[in-house]
Structures are given as structure tokens and as C-alpha cells.
Amino acid sequence: MKRLTILGSTGSIGVSTLEIVAAHRDKFEIVALTGGKNLQLLKKQIEEFSPQVAAVISEESAIALRKMLPGVKTEILHGVPGMIAAACAEDATMVVAAIVGAAGLVPTVAAIRAGKDIALANKETLVTAGHLIMDMIKEQGVQLFPVDSEHSAIFQSLQGHRSDDVKRIILTASGGPFSQYPLDKLKEVSIADALNHPNWCMGRKITIDSATMMNKGLEVIEAKWLFDLPLDRISVVIHPQSIIHSLVEYVDGCVIAQLGVPDMKAPIAYALTYPERVATGVRGLDLTAIASLNFFEPDLQRFPALQLAYRAAGDGESMPAVMNAANEVAVDAFLAGKIKFTDIALLIEKTMSAHDAHSLGSIEEVMSADLWGRKKTRELLGL
Ligand code: NAD
Ligand code: MG
């Protein structure tokens, strides 16, 4: 029996994780859940999975949730201390980190320090604080399993091979809704157009990141830390069908890939049950129906955010945290209808150009860099 805590249980990854738990009650028990604004869904999850602890962002939400659950024994906490308490809940052995954005960093760090294995969806944790996190993982002797489909594909393609024999890894990207869109019309796309991902059904922030391809940029940085590879051994290729989830090329010229229909339940389950595999309800591949797969180079003029992520990754130190913060503010502004789609990358670029990268020796320093990036981007936005 694996005892799990899910940080961000009301999000897209959180819900898929609980679907796997519900299908394998004999294998999993839920110790703690955390959510944000969707109290109705969190209430339903608490009733179904009876966690010892639940945490929400605000005190008002905690009060409201307690009222919605009379007689329920779950302890309901709030704020960052509540998220940390949930992340550290004693009985859990694995924490699924599925909060969106840099808000996921502190609870994930708390879980590592409490000796929990981590199933990592929150890529922003590695983007902002990769060097500190990887050291912490080693020091604590815990395991870190990737949930992101590309990183899970690489992790799977590495099984049984020596990391010394890896020549490079190749991350696939769908290219999002705009990979073929007329370039001169990109500034006019609507919020609904940008949220209309061709292959994946995900939270709003990562869906916009997929449309700008900042998501792939964040994933390059995530891969650099997870697989301890320099940037020049991490390639990106656009593969519009999202069937090949990523590939590893070895020194002998052999390439090993992982394939499947695009459904996050497969990589989530692998992170939860590694090295075992369990039924997920994910459809098998019908190769003859797919018939052909396509690949092409990403166009950096079309996707300037991807180039910015390479630049931040090359600068290192505080730059990826600042870039990530700028992206979060810019994506929020786009989703609030305050800026155009093409302004997202422009704002990130301006914030990065105003920043002098410096080394980050602690999680507190990462959070200061994050805060600096947010403030600067808001200032540029006139907010
Ligand atoms: P989502 O927006 O659907 O869910 C986010 C969760 O985080 C919700 O439970 C929300 O309540 C919670 N949350 C939001 N702000 C918070 C805050 N300030 N404090 C505490 N909790 C907060 O997001 P998602 O699509 O499930 O993505 C979650 C993470 O997983 C992201 O880092 C994303 O990049 C990564 N990821 C997602 C997918 C996917 O298919 N959705 C795939 C790969 C990686
Ligand atoms: Mg991904």
C-alpha cells in the first residue's frame, strides 16, 4: 500500500492522479490533499478519499470548507504553512507535486526535507531551483520521479541503459495551436484560440505555455537538471501528433523512444508505481489508424519564448527563476485580457534584460529572485 499526498489535487494532474488511485484502491491510500479556489471539487475529493489533512490557500476558504464538511474528521489547514504541513504529513511516503507555478516550490522542498519521494509535475520547481533541489534529493536519499510526459518518456527510455552511453535526448513538442498559424496574425489571437490545444487537456497556465512554447523551454531546463545533461545534448523537435513522447539517442546510433496516446494518466501512473506498471484505462495505440508521424524544427521566430528559455538556461544562476516569474505574470495578464499573445514573450524579454543574474545559494534567495521578476514585470505592465 502506497500512502500518497497530492499537492494541487483539484488541478488537471491532481484529478488524473486521483482517477488512478480510485481505480487501484488496493494499492494506494490518500494521506493529504491540497487545493486552491475550487472548494466544491476539494470537498468531493475529501468525501471520497478521507485524507487526514487538507489545505487551501486562504483562511476564508478553510472556514468555508469546514462548514461544507460537517462531521468530517479531515484537518483543514490554510496558507503556505498549511501547504507545508500537508506536504510533510507523517504517514505519506510519496508526494505528488502538482501545484502550478513557482507556488509549488516551497511545499515541494518541505516534502523533500521531510524525506518523501516526489512524483514531480511542478516543473517550475526545477526551473527555478534545480541545483538546490537535485542536491537536496541526494542528501535526503529520496527518489524523484518525473510526471511530465516528455521526462517520463526519457526516464522510461533510459531503463536498463548506462547514462554514460547517452549521446543526447530529444524532447518532442506538439507545437500547440499556432505552429502553422500565419505569423502576422499571431498578435490578434484570442484567449480561446490560445487555450485550444490540439492534443492535450491541461490547466490554463501550461496550455498558454504550450501555445508560446515556453513550456518546452521550461522542460529543457527541467531535463537538464533531471538527467544531468548540458544544454547542447538536449534537442527539441516539433511532432504535431504527440504520439512519441520523447527519445534518447545512444552513442551507437540507436534511438529509444516511448510512444502512447496523449493522456497524462500513463506518465502519472509510472511515477506512482515504478518499476511496476498498472492498468490506467489509457487507450492502446492504433498504429495503422495513425499511419504517419511528422517532425520538424521549431521556428524560433514564431516561438521567441523558447529562445528566451534557452538564453535563461545558458545564463543560469537567478535568470531562469526571473524568466519563470515574468512568464507567470505575463500569462496571467494575457488570460485577464490585458495584453496580446505576442506581448508575453516581449515582456519576458524586457524583464530578463533588466536583470543581472546572480548565484542562488538558498531557497529563500530563489524566492527573492522570483519576487524581483514578478515586480519588474508588473512595473513594465504598468500595474
Ligand atoms: P491546474 O491549473 O489544472 O492545477 C493547479 C493546482 O494548483 C490546483 O489544484 C490549484 O488549486 C493549485 N494551486 C494554484 N495556485 C496555487 C497556490 N498559489 N498555492 C497552492 N496551490 C495552488 O494545473 P495543471 O495543469 O494540473 O499543472 C500542474 C503542474 O503540472 C504545472 O506545474 C504544470 O506545468 C505541470 N504539468 C501539467 C501537465 C498537464 O497535463 N496538466 C503536464 C505536464 C506537467
Ligand atoms: Mg510536458
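Predicted model only: the values in this text are computed from it and were never measured. Whatever order the structure lists ligands and atoms in, that order sets their numbers, starting from 1. Along the sequence shown, the residues carry numbers beginning at 1.
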**Student:** Please check if atom NZ in Lys265 has more than 12 non-hydrogen atoms from other residues, nucleotides or ligands closer than 6.0 Å.
**Tutor:** yes
**Student:** Where does Met83 meet ligand 1, judged by heavy-atom distances below 4.0 Å: at the side chain, the backbone, both, or neither?
**Tutor:** side chain
**Student:** If we only count heavy atoms from C-beta on, is the Leu360 to His358 side-chain gap below 4.5 Å?
**Tutor:** yes
**Student:** For Asp148, what is the atom name of its N, O or S atom nearest to the Mg ion (ligand 2)?
**Tutor:** OD1
**Student:** Regarding atom 30 (O) of ligand 1: of the candidates Gly82, Ser61, Ala121, which has the closest heavy atom?
**Tutor:** Ala121
**Student:** Just jot down the ligand 1 atoms closer than 4.0 angstrom to any heavy atom of Asp148, in number order.
**Tutor:** 43 (C), 44 (C)
**Student:** How far is atom 14 (C) of ligand 1 from the closest protein heavy atom, and which atom is that?
**Tutor:** Val100 CG1, 3.8 Å
**Student:** With a 4.5 Å limit on heavy-atom distance, are the side chains of Thr207 and Trp200 in contact?
**Tutor:** no
**Student:** Evaluate Asn215 for polar contact with ligand 1, using N/O atom pairs at a separation under 3.5 Å.
**Tutor:** no
**Student:** Could you tell me which atoms of ligand 1, counted from 1 in the order shown, lie closer than 4.0 angstrom to a heavy atom of Ala103?
**Tutor:** 17 (C), 18 (N)
**Student:** Which atoms of ligand 1 sit under 4.0 Å from any heavy atom of Gly36?
**Tutor:** 11 (O)
**Student:** Which distance, rounded to the nearest 0.5 Å, do you find between the NZ of Lys185 and the CZ of Phe341?
**Tutor:** 16.0 Å
**Student:** Based purely on interatomic distance, does Met202 place a nitrogen or oxygen under 3.5 Å from a nitrogen or oxygen of ligand 1?
**Tutor:** no
**Student:** Checking a contact table here: which protein heavy atom is nearest atom 4 (O) of ligand 1, and how many Å away?
**Tutor:** Gly11 CA, 3.1 Å
**Student:** Please name the atom of Glu219, limited to N, O or S, that comes nearest to the Mg ion (ligand 2).
**Tutor:** OE2
**Student:** Heavy-atom pairs closer than 4.0 Å: do any link ligand 1 to the side chain of Ile206, the backbone, both, or neither?
**Tutor:** side chain
**Student:** What protein heavy atom sits nearest atom 28 (C) of ligand 1, and how far off is it?
**Tutor:** Ala98 O, 3.4 Å
**Student:** Using only N, O or S atoms, tell me which atom of Glu150 is closest to the Mg ion (ligand 2).
**Tutor:** OE1
**Student:** Between Phe295 and His239, how do the two ring planes meet: parallel, tilted or perpendicular, split at 30° and 60°?
**Tutor:** parallel
**Student:** In the protein, what heavy atom is nearest to atom 13 (N) of ligand 1, and what distance, to one decimal place, separates them?
**Tutor:** Ile99 CG2, 4.0 Å
**Student:** Among Leu41, Val56, Thr34, Leu33, which residue meets the side-chain contact (heavy atoms from CB on, under 4.5 Å) test with Thr10?
**Tutor:** Leu41
**Student:** Could you check atom 9 (O) of ligand 1 against the protein and tell me its nearest heavy-atom contact, residue, atom and distance included?
**Tutor:** Thr10 OG1, 2.7 Å
**Student:** Using 0.5 Å steps for rounding, measure from the CG atom of Leu226 to the NZ atom of Lys123.
**Tutor:** 11.0 Å
**Student:** Look at ligand 1 and say whether Gly14 reaches it with a heavy atom at a distance under 4.0 Å.
**Tutor:** no
**Student:** Where does Ile57 meet ligand 1, judged by heavy-atom distances below 4.0 Å: at the side chain, the backbone, both, or neither?
**Tutor:** side chain
**Student:** Starting from atom 3 (O) of ligand 1, find the nearest protein heavy-atom neighbour and note its residue, name and distance.
**Tutor:** Ser12 N, 2.9 Å
**Student:** Would a 4.5 Å heavy-atom cut-off, applied to side chains only, mark Leu42 and Ser9 as touching?
**Tutor:** yes
**Student:** Parallel, tilted or perpendicular: which one describes the rings of His151 and Phe227, with boundaries at 30° and 60°?
**Tutor:** parallel
**Student:** For Glu124 and ligand 1, answer yes if some heavy atom of the residue is under 4.0 Å from a ligand atom, otherwise no.
**Tutor:** yes
**Student:** Suppose we measure from atom 26 (O) of ligand 1 to each protein heavy atom; which comes out shortest, and what is that distance?
**Tutor:** Ile13 N, 2.9 Å
**Student:** Considering only the protein, which heavy-atom contact is closest to atom 25 (O) of ligand 1, and what is its distance?
**Tutor:** Gly203 N, 2.9 Å
**Student:** Ring-plane angle category for His161 and Tyr250, please: parallel below 30°, perpendicular beyond 60°, tilted otherwise.
**Tutor:** tilted
**Student:** When you compare the side chain of Glu150 with that of Glu222, does any pair of heavy atoms fall below 4.5 Å?
**Tutor:** no
**Student:** Taking the basic N atoms (NZ, or NE/NH1/NH2) and the acidic carboxylate oxygens, is any pair closer than 4.0 Å for Lys205 and Glu124?
**Tutor:** yes
**Student:** Are any non-hydrogen side-chain atoms of Phe28 and Thr273 less than 4.5 angstrom apart?
**Tutor:** yes
**Student:** Between Met367 and Val106, is any pair of side-chain heavy atoms under 4.5 Å apart?
**Tutor:** yes
**Student:** I need the atoms of ligand 1 closer than 4.0 Å to a non-hydrogen atom of Asn122, numbered in the order shown.
**Tutor:** 32 (O)
